[in-house]
Amino acid sequence: MDSALLGSGLPTCSVNISINGENRSLDIPPWVTLLDLLRGPLELTGTKKGCDHGQCGACTVLINGERVNSCLKLAVSLDGAEVTTIEGLGTPDNLHPMQKAFVEHDAFQCGYCTPGQICSAVGLVKEGRARSRADIRELMSGNLCRCGAYSNIADAIEEVLGAEGAQPYKEAAE
Amino acid sequence: MRRFDYTRAETVHDAVVALAANPDAQLLAGGTNLIDLMKYDVARPGAIIDINRLPLKDIEELPDGGLRIGALVSNSALAYDERVKERFPLLSSAILAGASPQLRNAATTGGNLLQRTRCYYFYDPSTPCNKREPGTGCSAIGGVNRIHAILGASDKCIAVHPSDMCVALAALGATVEVEGPDGNRDIDFADFHRLPGEHPERDNMLQAGEMVIALRIARNHFNRNYTYLKLRDRLSYAFALASVAAAMEVAEGQIVDLRIALGGVAHKPWRDALAEAEFAGREANEATFMQIADRLLSGAEGQGHNDFKIPLAEKAIIRALKQAAAGRPQDQVVKAIQ
Ligand SMILES: Cc1cc2nc3c(=O)[nH]c(=O)nc-3n(C[C@H](O)[C@H](O)[C@H](O)COP(=O)(O)OP(=O)(O)OC[C@H]3O[C@@H](n4cnc5c(N)ncnc54)[C@H](O)[C@@H]3O)c2cc1C
Ligand code: SF4
């Protein structure tokens, strides 16, 4: 049990959140966002703070499997939720297929937006709605990349979609 | 962010009683607007009532073939619902023209209705703003007002309502179900949001302690000839400079029934039901569409930087009506405007 992680002397609320498969019992002041909880006391600094206002997508994580901007979620509102961050997708020795595809396609330059891009892309694949490159581009429009690695990002996602057999990417992969 | 008390409502009744008891309290749904405004110190609730556990997450069938949409249905769940796509594709289309997949996953139906303006001055507590602090003045009048209203503004406020979803709901003539400590009532969508007048601090007609619990949309015949056309500074992830939700029933080249609502141009989705009725029976052609645009924009007034919105809205109306009449709705993925 993690006690009073951020709460010394401040009013806190108790919540249970599963983070990357591990159940955490946390006492958190209500004004702490999920992003600040992750990066601060939980030391999961893979998730990045870009604009902190939902305008860039760098903080994207998966909550109960759905991609969400963690900067606009109060951690206290997530009692009982399952959160997956970039650290929970794969490890350096055992990369998630999307991480591998990003490396293979050079889908980043500075890398700051990459954890959010990858979490968002994993959410996109799970949603199962992308059928074309135009779909990928539109459905990734919530993740900005200041280096402009967009076309390589789309390549990486296209490859994973093909490998997963999504229509019509299935034909493309065969 | 300032400190606040946090409670989780277990029933709608608990939520509205708590809300009515504390004028300093605000409801928390998806958080995508409220948390943002709290970070900018624009919203300063002393208490947050988290409504995310309330049983308002379903889309239910109505006897007439319409749908009842719970206030906590996410924007994504609503846009991709098979029944909504089939019966009210205008609504799906408008939602998918807005925000981003991540935001739409978090944003809720109720929160979308209640989202506040994106006026730059409203967001900046160091400037006067009648909406944020009544009586301080409006910095946008005579200031930077490129994104502001061309219709229905007042000398107190020229802000616009930023929602895409609400423009479609206005065109479809939805009903808003509201619950307060004293019971329930229905509000016609057209009457839900208000013009700024003397009280720009009030965006809508909810009374203290009331919350939105659902929307109802009656079955209609607008699932073939419709479009949502949104014009903005970049093709995705940007608010509308002007948008048009248009739907019609056409028979033998004539307009049988017309619905048209404008977004990004006023303090509320702009719809003129009287004007719509006058165009019933007219030829569904460009000459008629130009007259409709003239009629809808007859009172339009620019503020300087936003003067361009008047011809922009005019062209958008004509183009949207052509798309609707042809049954060729604007594609929200391939953004080329046909
Ligand atoms: C970067 C960015 C881009 C965006 N782009 C677009 C866009 O292009 N088009 C568009 O339409 N929108 C856009 N949005 C806005 C987004 O749609 C809204 O923030 C969202 O719909 C609000 O819903 P929510 O559930 O998160 O509301 P919250 O933030 O939880 O609440 C917003 C307000 O509604 C009140 N509220 C919530 N639920 C209820 C209820 N049931 N009854 C009464 N009051 C309630 C809250 O108290 C609060 O005052 C964008 C937002 C961001 C951050
Ligand atoms: S337009 Fe309205 S919201 Fe903007 S500064 Fe003026 S009063 Fe405030």
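Chain letters run A, B, ... following the sequence lines, proteins first and then strands; every chain starts at 1.
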Should A/W31 and B/I48 count as side-chain neighbours, where that means a heavy-atom distance under 4.5 Å?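 A/W31 does not reach B/I48 side chain to side chain.
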
Notebook entry, point to check: Would you say A/D79 and B/R53 make side-chain contact, with heavy atoms under 4.5 Å?
Noted result: yes

Between A/R129 and chain B, with a heavy-atom cut-off of 4.5 Å, which part of the residue counts as in contact: side chain, backbone, both or neither?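 Side chain only.
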
inquiry  = Is A/S132 in contact with chain B via its backbone, its side chain, both, or neither, using a 4.5 Å heavy-atom distance?
reply    =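 Nothing of A/S132, per the 4.5 Å heavy-atom cut-off to chain B.
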
What are the two closest heavy atoms between [X] and [Y], and how far apart are they?
{"X": "B/Q102", "Y": "A/S120", "value": "NE2-OG, 3.4 Å"}
{"X": "A/S77", "Y": "B/L28", "value": "CB-CD2, 4.2 Å"}
{"X": "B/Q332", "Y": "A/E138", "value": "O-CD, 3.7 Å"}
{"X": "B/T32", "Y": "A/L72", "value": "O-CD1, 3.6 Å"}
{"X": "B/Y6", "Y": "A/P30", "value": "CB-CB, 3.5 Å"}

Contact part of B/D50 toward chain A, heavy-atom cut-off under 4.5 Å: side chain, backbone, both or neither?
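Looking at B/D50, just its side chain touches chain A.
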
Okay, B/R2 and chain A: the region with an atom under 4.5 Å from a heavy atom over there is backbone

Residues 106-120 of chain B vs chain A, non-hydrogen distance cutoff under 4.5 Å, contacting residues -> B/A106, B/R118

Listed by number, the residues in residues 86-100 of chain B that come under 4.5 Å of chain A (heavy atom to heavy atom) are B/L96, B/S100

Please rank B/K39, B/R234, B/M1 by heavy-atom pairs under 4.5 Å with chain A and give me the top one.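 Max contact count across the listed options: B/K39.
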
Rounding to 0.5 Å, atoms CG (A/N69) and CG (B/N105) come to a distance of 9.5 Å

To the nearest 0.5 Å, atom SG of A/C71 lies from atom CG of B/D36 at 7.5 Å

Whether over 12 other heavy atoms sit under 6.0 Å from [X] [atom1]:
{"X": "B/E60", "atom1": "CD", "answer": "yes"}
{"X": "A/R131", "atom1": "CZ", "answer": "yes"}
{"X": "A/R146", "atom1": "CZ", "answer": "no"}

Among residues 50-66 of chain A, those lying within the under-4.5 Å heavy-atom range of chain B are A/D52, A/H53, A/G54, A/Q55, A/C56, A/G57, A/T60, A/E66

Open item on the list: Checking an interface table here. Which of residues 82-117 of chain A come within a heavy-atom distance under 4.5 Å of chain B?
Closed with: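 Not one residue of residues 82-117 of chain A has a heavy atom under 4.5 Å from chain B.
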
Check: Any donor and acceptor pair, going by atom type alone, linking the side chain of B/R8 with main-chain N or O of A/V76 inside 3.5 Å?
Finding: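 Checking the backbone N and O of A/V76 against the side chain of B/R8, a donor-acceptor pair under 3.5 Å is found.
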
Backbone N/O of B/G30 and side chain of A/K73: donor-acceptor pair under 3.5 Å |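 Yes, A/K73 side chain to B/G30 backbone: donor-acceptor pair under 3.5 Å.
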
